[in-house]
Undergrad: 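Supplied in structure tokens, the structure appears directly below.
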Amino acid sequence: MHGEDFAADPHQLYDRLRAHGPAGPVELAPGVEAELVVEHETALRVLQNTTLFARDSRRWTALNEGRIALDSPVLPMMAYRPNCLFTDGAVHLRLRKAVTDSLDRLDISRIRRDVEPIADYLIDQFSERGRADLLNDYAKLLPLLLFNKIFGCPAGIGDRLTSTMSAIFDGKDAMRANEEMTACLMELITLKRREPGDDVTSWLIQHPAGLNDEELKDQLVMLMGAGVEPERNLIGNALLLLLSGEDSGRGAGLLIEEALDHVLWNDPPIANYATHFPLQDVELKGVPVAAGTPVVISFAGANSDPALNDARQARSKGAHLAWGAGPHACPAKSPAQVIAITAIEKILNALPDLVLEVPEKDLQWRPGPFHRALVSLPVRFSPTPATRVAASLQAMNTRPRAAAAESGQVPVAGQVRTPRQEPKKKGFWSSFLDVFRL
């Protein structure tokens with residue numbers, strides 16, 4: 001599941017496994033074996049049965065016996081952390097309540113209000129070029145910057161967090177990036193204990209569950225991991241569908257909400273995950289699985305189960321497993337959809353003649369066992385002036401450009417420059433903060 005063949009056509013593997021049973025053996029990364037569940041009914045059984053299946057990866061036999069390399073690229077996604085994803089029972093309930101209560105304070109209007117200026121800022125970076133990579137220039141960066149905003153990150157921490165999270169998701173020196181991400185989040189927690197704000201980090205700190213610093217850090221890691229990568233892929237995969245045009249017979253005439261639903265059924269952003277560990281030797285409809293073996297749920301495989309043909313054709317939102325199921329189901333389903341809808345609306349309205357730069361068949365999918373992710377999404381369009389940030393500033397009643405010019409700082413796309421001085425190299429987050437004076 002880590003090769004280019006799987007990335008290009010994952011359903012070939014799902015169909016092959018399903019022909020022999022509800023689950024089958026796979027290799028997630030070199031030397032990392034697991035059972036992949038591809039049948040919908042069996043996937044639900046595993047997701048909902050906390051008596052037989054645990055999420056705590058400290059039960060992973062091969063890892064405990066030293067048979068998994070400590071630099072394996074899948075370890076950051078599978079190794080135990082004391083967060084909602086890898087805990088069970090009362091511990092899970094305590095941590096999940098802190099997370100869900102904090103997320104519930106992010107009302108939908110606030111989320112949209114936070115997404116819109118970030119989208120304007122990113123579109124201004126490439127709108128005058130007439131060409132862009134909508135994945136790496138837009139869909140990848142928008143959720144990263146949004147999470148900096150809702151976590152209350154100052155400039156320096158936000159820049160570092162953006163770059164380290166990108167490195168982790170792209171598999172670039174994941175161990176070092178993981179260490180840097182941990183350091184960033186610990187700095188943020190220390191800052192927010194001292195200076196709380198109107199943000200998720202502060203709300204988690206203030207929650208009656210009384211999370212310690214290690215627990216706080218790992219809930220933030222979980223929120224970043226469960227939010228940024230899936231959101232990027234949801235936006236990117238839906239944009240691909242909407243831009244595929246009449247030739248493919250899929251994208252023509254779809255509403256944004258319909259495109260998102262199509263993606264959640266057919267190309268879910270996190271295609272395979274929700275790793276469980278049997279507490280004892282079990283059988284999945286005749287398929288034996290030893291205790292402590294990783295049992296990975298294929299959301300994409302389960303969604304394509306022939307038993308769901310009627311539900312899939314009717315696009316029944318309650319049937320697909322893209323949001324998971326059971327006690328670990330995604331707690332941010334509504335915010336995730338609002339973020340994607342707003343991001344897609346902004347780019348399509350700003351650049352209404354967007355077209356794919358290459359034929360759809362030539363697009364590449366990023367290798368990896370867990371995600372369904374494009375490598376890039378190159379598009380072309382009629383160049384337009386980079387004036388969206390200025391419009392956003394006026395709408396937000398912030399200081400206009402004229403006042404900024406009088407103070408000696410003139411915002412331009414991506415930077416705030418001081419006349420007659422070379423600008424310091426900044427990351428996207430600090431540049432965004434400079435422009436919007438946040």
Undergrad: When you compare the side chain of Trp323 with that of Ile270, does any pair of heavy atoms fall below 4.5 Å?
TA: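 The answer is no, as the side chains (C-beta and beyond) never meet within the 4.5 Å cut-off.
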Undergrad: Does any non-hydrogen side-chain atom of Leu239 lie less than 4.5 Å from one of Leu377?
TA: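 Yes. Closest side-chain heavy atoms under 4.5 Å.
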Undergrad: When you look at Arg112 and Ile339, which way does the side-chain contact (heavy atoms from CB on, under 4.5 Å) test go after all the steps?
TA: CA-CA 7 Å; Arg112 178 177 283 274; Ile339 292 165; over 6 Å; no
Undergrad: List the steps and the verdict of salt bridge (Lys or Arg N to Asp or Glu O under 4.0 Å) for Glu231 and Lys140.
TA: CA-CA 8 Å; Glu231 196 70 50; Lys140 173 182 176 179; over 6 Å; no
Undergrad: Is any side-chain N of the basic residue among Glu215 and Arg94 closer than 4.0 Å to the acidic one's carboxylate O?
TA: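 Counted as a salt bridge, because a side-chain N and a carboxylate O are separated by less than 4.0 Å.
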Undergrad: Give the intermediate values and the outcome of side-chain contact (heavy atoms from CB on, under 4.5 Å) for residues Glu27 and Val32.
TA: CA-CA 6 Å; Glu27 186 180 65; Val32 182; 5.5 Å; no
Undergrad: What are the two closest non-hydrogen atoms of Cys184 and Ile157, and how far apart are they?
TA: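 The answer is O-CG2, 3.8 Å.
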Undergrad: Within the 4.5 Å heavy-atom criterion, are Ser57 and Phe277 side-chain neighbours or not?
TA: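 The answer is yes, as the side chains (C-beta and beyond) meet within the 4.5 Å cut-off.
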Undergrad: For the aromatic rings, using the six-membered ring if either is Trp, is the centroid distance between His40 and His320 under 6.0 Å?
TA: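 When the ring centroids of His40 and His320 are compared, they turn out to be at least 6.0 Å apart.
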Undergrad: For the residue pair Ile344 and Leu348, establish whether any side-chain heavy-atom pair is separated by less than 4.5 Å.
TA: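 Side chain of Ile344 against side chain of Leu348, heavy atoms only: contact under 4.5 Å found.
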Undergrad: Please determine if Glu39 and Arg18 form a salt bridge, counting it only when a charged side-chain N lies under 4.0 Å from a carboxylate O.
TA: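 Result for this pair is no, no salt bridge flagged.
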Undergrad: Below 4.0 angstrom, N of the basic side chain to O of the carboxylate: do Arg105 and Asp101 qualify?
TA: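 The answer is no: the pair does not qualify as a salt bridge.
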Undergrad: Regarding Asp137 and Arg129, does a basic nitrogen lie under 4.0 Å from an acidic carboxylate oxygen?
TA: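 Looking at Arg129 together with Asp137, the answer is yes, because their closest N to O distance falls below 4.0 Å.
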Undergrad: For Pro378, check side chain to side chain contact (heavy atoms under 4.5 Å, CB included) against everything at least two apart and list the hits.
TA: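 Glu357, Val358, Leu363, Ser376.
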Undergrad: Under a 3.5 Å cutoff, is there a donor and acceptor pairing between the side chains of Thr61 and Asn64?
TA: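 The criterion, which ignores hydrogens and geometry beyond distance, is not satisfied for Asn64 and Thr61.
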Undergrad: Would you call Arg388 and Asp120 a salt bridge, taking side-chain N to carboxylate O under 4.0 Å as the test?
TA: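 No, no charged N to carboxylate O under 4.0 Å.
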Undergrad: Could you tell me whether Asp107 and Arg110 make a salt bridge, using a distance below 4.0 angstrom between a side-chain N and a carboxylate O?
TA: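 Salt bridge absent between Asp107 and Arg110.
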Undergrad: Just by distance, do the side chain of Ser202 and the backbone of Asp198 share a donor-acceptor pair under 3.5 Å?
TA: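 No; zero donor-acceptor contacts below 3.5 Å.
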Undergrad: Do Asp218 and Tyr80 have side-chain N/O donor and acceptor atoms under 3.5 Å apart?
TA: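 Side-chain D/A pair, Asp218 to Tyr80: absent.
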Undergrad: Under 4.0 Å between a side-chain nitrogen and a carboxylate oxygen: does that hold for Lys149 and Asp199?
TA: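 No salt bridge links Lys149 with Asp199.
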Undergrad: Is the side chain of Asn309 donor-acceptor paired with the backbone N or O of Pro306 at a distance under 3.5 Å, no angle test?
TA: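 At least one qualifying donor-acceptor pair exists.
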Undergrad: Evaluate Asn272 against Tyr14 for side-chain contact (heavy atoms from CB on, under 4.5 Å), listing each step before the verdict.
TA: CA-CA 11 Å; Asn272 309 288; Tyr14 306 148; 3.1 Å; yes
Undergrad: Thinking salt bridges, do Glu229 and Arg366 make one under a 4.0 Å N-O criterion?
TA: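 Salt bridge between Glu229 and Arg366, a charged N being under 4.0 Å from a carboxylate O: yes.
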Undergrad: When you check the side-chain N and O atoms of Thr50 and Arg55, is any donor under 3.5 Å from an acceptor?
TA: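 There is no such pair between these side chains.
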Undergrad: List the atom of Ser244, the atom of Glu360, and the distance in Å for their closest heavy-atom pair.
TA: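 Closest pair (atom of Ser244, atom of Glu360, distance): CB-OE1, 3.4 Å.
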Undergrad: Any donor-acceptor pair under 3.5 Å linking the side chain of Asn349 with the backbone of Glu345?
TA: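 Yes; at least one donor-acceptor contact below 3.5 Å.
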